[in-house]
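Here's the structure we're looking at; comments come further down.
Just so it is clear: chains get the letters A, B, ... in the order the sequence lines come, proteins before strands, and each one is counted from 1. Computed from heavy atoms alone, side chains included, the values below leave out hydrogens, waters and symmetry copies.
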Amino acid sequence: MILQKEFYTRQDVVQVAEDLIGKVLCTSIDGIFTCGMITESEAYAGIRDKASHSWNGRRTARTDIMYRIGGTAYVYLCYGIHSLFNVVTSVADDPQAVLIRSIQPLEGIDDMAYRAGKNMKGIREGRGPGNVSKLLGINVSHTGLSLTDAPDDPAKTRIWIEDRKLQINHKRLRTVPRIGVDYAGADAMLPYRFVLE
DNA sequence: CATAGGATCGCCT
DNA sequence: GGCGATCCTATGT
C-alpha cells in the first residue's frame with residue numbers, strides 16, 4: 001500500500017520520522033525500479049528548529065519546497081556533491097521535513113550496484129543520506145515531485161513510499177541526536193534521529 | 001562582485 | 001582522525 005496524504009500531513013514531524021522506519025522507499029527512474037527499507041531518519045521541525053533550512057521562517061528558491069503540503073519530495077545538493085532526499089511533512093506553509101539517512105536495499109540490487117559504480121562498499125547497507133539518493137537514482141531535479149500523486153505517464157519518473165507491513169524489532173530502534181548540525185546549538189541535542197540497528 | 005561554509009563521503013595516515 | 005571533492009546559498013562590500 002502506497003502511503004497517502006494523511007500519513008504525511010500530520011503535524012508532528014518527529015512522529016512521522018519514527019513511523020517512516022520500516023517503510024519502503026521506491027523509485028522508478030528511466031524505467032528502472034529500485035527500492036529499500038528505510039532504516040534511519042531525521043526530523044527537521046520547521047521554523048522553530050535551528051537545524052532546519054526553514055528555521056526562523058527562512059524561505060528561498062531552494063527551501064520553498066518545504067512550505068508545500070506534506071508528501072512532497074525535497075531534494076537539495078549538499079557539499080556540492082550529494083543529493084539529500086527529504087520528505088516534506090505537515091500542512092502547507094508549515095515547513096517541516098524528514099531526511100532519509102539510510103536504507104536496506106530490497107529490490108534492484110544490481111541496478112543499485114551499477115549506480116554506485118565500482119565502489120561496492122556499503123551497497124548492502126545503503127548507509128548515509130548521500131548514498132540513499134545515489135543507489136535509488138534520486139537527484140536534485142526530483143525536488144518538488146509528489147510522493148502521493150501518480151504522473152499522467154506511467155513511464156515517467158516517480159518516487160513513492162510503501163507500507164509493506166514489514167515487521168521491525170522495536171527493541172532495535174534507537175532515538176538519538178542528529179548528525180552534522182553542531183551549528184544548531186541546543187537544538188543539535190534534540191532526539192530527532194531514529195536508527196534501526 | 002567576492003567569499004565562506006554546508007543536514008557528506010571515501011580514501012588517506 | 002584528517003582532508004579533498006565541488007557547487008549552491010547566504011552574507012557582506
Side-chain angles (χ1 to χ4, degrees), chain A residues 8 12-21 23 25 27 34 36 38-68 70-90 94-105 112-145 147 159 161 174-196:
Chain A
Y8 298 109
D12 183 351
V13 67
V14 179
Q15 184 65 55
V16 176
E18 181 171 5
D19 290 347
L20 279 170
I21 301 296
K23 299 297 189 291
L25 178 57
T27 63
T34 51
I38 297 168
T39 55
E40 188 175 346
S41 65
E42 275 181 1
Y44 285 85
I47 63 175
R48 65 179 168 81
D49 179 2
K50 200 167 185 183
S52 172
H53 289 163
S54 56
W55 172 66
N56 201 26
R58 272 179 57 204
R59 186 165 185 165
T60 65
R62 176 180 70 157
T63 63
D64 190 64
I65 300 296
M66 291 185 76
Y67 289 76
R68 293 202 197 172
T72 301
Y74 171 49
V75 187
Y76 72 95
L77 189 67
C78 191
Y79 295 102
I81 302 173
H82 307 288
S83 296
L84 269 52
F85 174 78
N86 300 252
V87 177
V88 174
T89 68
S90 191
D94 183 17
Q96 312 197 54
V98 177
L99 171 67
I100 306 302
R101 293 196 66 93
S102 295
I103 59 167
Q104 178 184 313
M112 294 192 203
Y114 177 76
R115 285 169 177 158
K118 58 186 176 186
N119 184 1
M120 300 290 284
K121 195 176 178 183
I123 294 299
R124 292 278 161 190
E125 307 261 330
R127 292 216 229 197
N131 287 329
V132 168
S133 296
K134 192 171 189 179
L135 297 185
L136 293 174
I138 296 170
N139 62 63
V140 290
S141 76
H142 300 134
T143 196
L145 281 184
L147 303 177
I159 303 173
I161 302 177
R174 303 273 174 260
T175 305
V176 295
R178 292 173 293 187
I179 286 181
V181 294
D182 295 343
Y183 58 84
D187 285 349
M189 310 294 283
L190 294 170
Y192 283 2
R193 178 178 172 223
F194 297 93
V195 185
L196 187 63

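- A:Thr34 and A:Thr27 share a side-chain donor-acceptor pair at under 3.5 Å.
- In DNA chain C, stems built from 3 or more consecutive Watson-Crick or G-U wobble pairs, each with both distances under 3.5 Å, span B:1-6 with C:7-12, B:8-12 with C:1-5.
- Across B:dA7, B:dG6, B:dC9, the shortest atom-to-atom separation from the side chain of A:Tyr44 is found for B:dA7.
- Rounded to whole Å, the distance from OH on A:Tyr183 to C1' on B:dT8 is 12 Å.
- Atom NE2 of A:His82 is separated from atom C1' of B:dG10 by 9 Å (rounded to the nearest Å).
- Note on residues 50-63 of chain A: pairs passing salt bridge (Lys or Arg N to Asp or Glu O under 4.0 Å), not counting sequence neighbours, are A:Arg59-A:Asp64, A:Arg59-A:Asp93.
- When rounded to the nearest whole Å, the span between CG of A:Leu135 and C1' of B:dT8 equals 14 Å.
- At a threshold of 4.0 angstrom between heavy atoms, the contacts of A:Leu84 are confined to the sugar-phosphate backbone, with no base atom among them.
- The closest side-chain heavy-atom distance from A:Asp49 to A:Arg178 is below 4.5 Å.
- Remark: the backbone N or O of A:Asn139 is not paired with any side-chain donor or acceptor of A:Ser83 at under 3.5 angstrom.
- Atoms CG (A:Leu190) and P (B:dA7) sit 16 Å apart, rounded to a whole Å.
- Across B:dG10 and C:dC8, the matching C1' atoms stand 22 Å from one another, rounded to whole Å.
- Taking A:Asp12 as the reference, nothing meets the salt bridge (Lys or Arg N to Asp or Glu O under 4.0 Å) condition, with sequence neighbours excluded.
- Between the P atom of B:dA7 and the OH atom of A:Tyr192 lies a distance of 17 Å, rounded to the nearest Å.
- Taking the salt bridge (Lys or Arg N to Asp or Glu O under 4.0 Å) definition, one finds that A:Glu40 meets it with A:Arg101, A:Arg193, sequence neighbours left out.
- Protein atom CG of A:Asn86 is 8 Å distant from nucleotide atom C1' of B:dA7, rounded to whole Å.
- Counting only heavy atoms from C-beta outward, the side chains of A:Tyr44 and A:Val181 approach each other to under 4.5 Å.
- The closest side-chain heavy-atom distance from A:Ile100 to A:Leu25 is below 4.5 Å.
- Computed from coordinates, the A:Ile100 CD1 to B:dT8 C1' distance equals 16 Å when rounded to whole Å.
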**Message:** The test is side-chain contact (heavy atoms from CB on, under 4.5 Å); show your working for A:Phe85 and A:His142 and say whether it passes.
**Reply:** CA-CA 9 Å; A:Phe85 174 78; A:His142 300 134; over 6 Å; no

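- Contacts between chain A and DNA chain C, taken as any atom within less than 4.0 angstrom of a protein heavy atom, begin and end at C:dA5 to C:dA10.
- As judged by a 4.0 angstrom heavy-atom cut-off over every strand, A:Leu77 is placed among residues touching the sugar-phosphate backbone only.
- Here the rule is side-chain contact (heavy atoms from CB on, under 4.5 Å) with A:Tyr8, and of A:Val13, A:Thr72, A:Val87 only A:Val87 fits it.
- Applying a 4.0 Å cut-off to non-hydrogen atoms, the residues of residues 50-61 of chain A that approach DNA chain B are A:Ala51, A:His53, listed by residue number.
- The backbone N or O of A:Ile179 lies less than 3.5 Å from a partner atom in the side chain of A:Glu42, making a donor-acceptor pair.
- The gap from the P atom of C:dT13 to that of B:dG5 amounts to 15 Å, rounded to the nearest Å.
- When the P atom of B:dC9 is taken as reference, atom CZ of A:Arg101 falls 7 Å away, rounded to whole Å.
- A:Leu84 places none of its side-chain heavy atoms less than 4.5 Å from the side chain of A:Val75.
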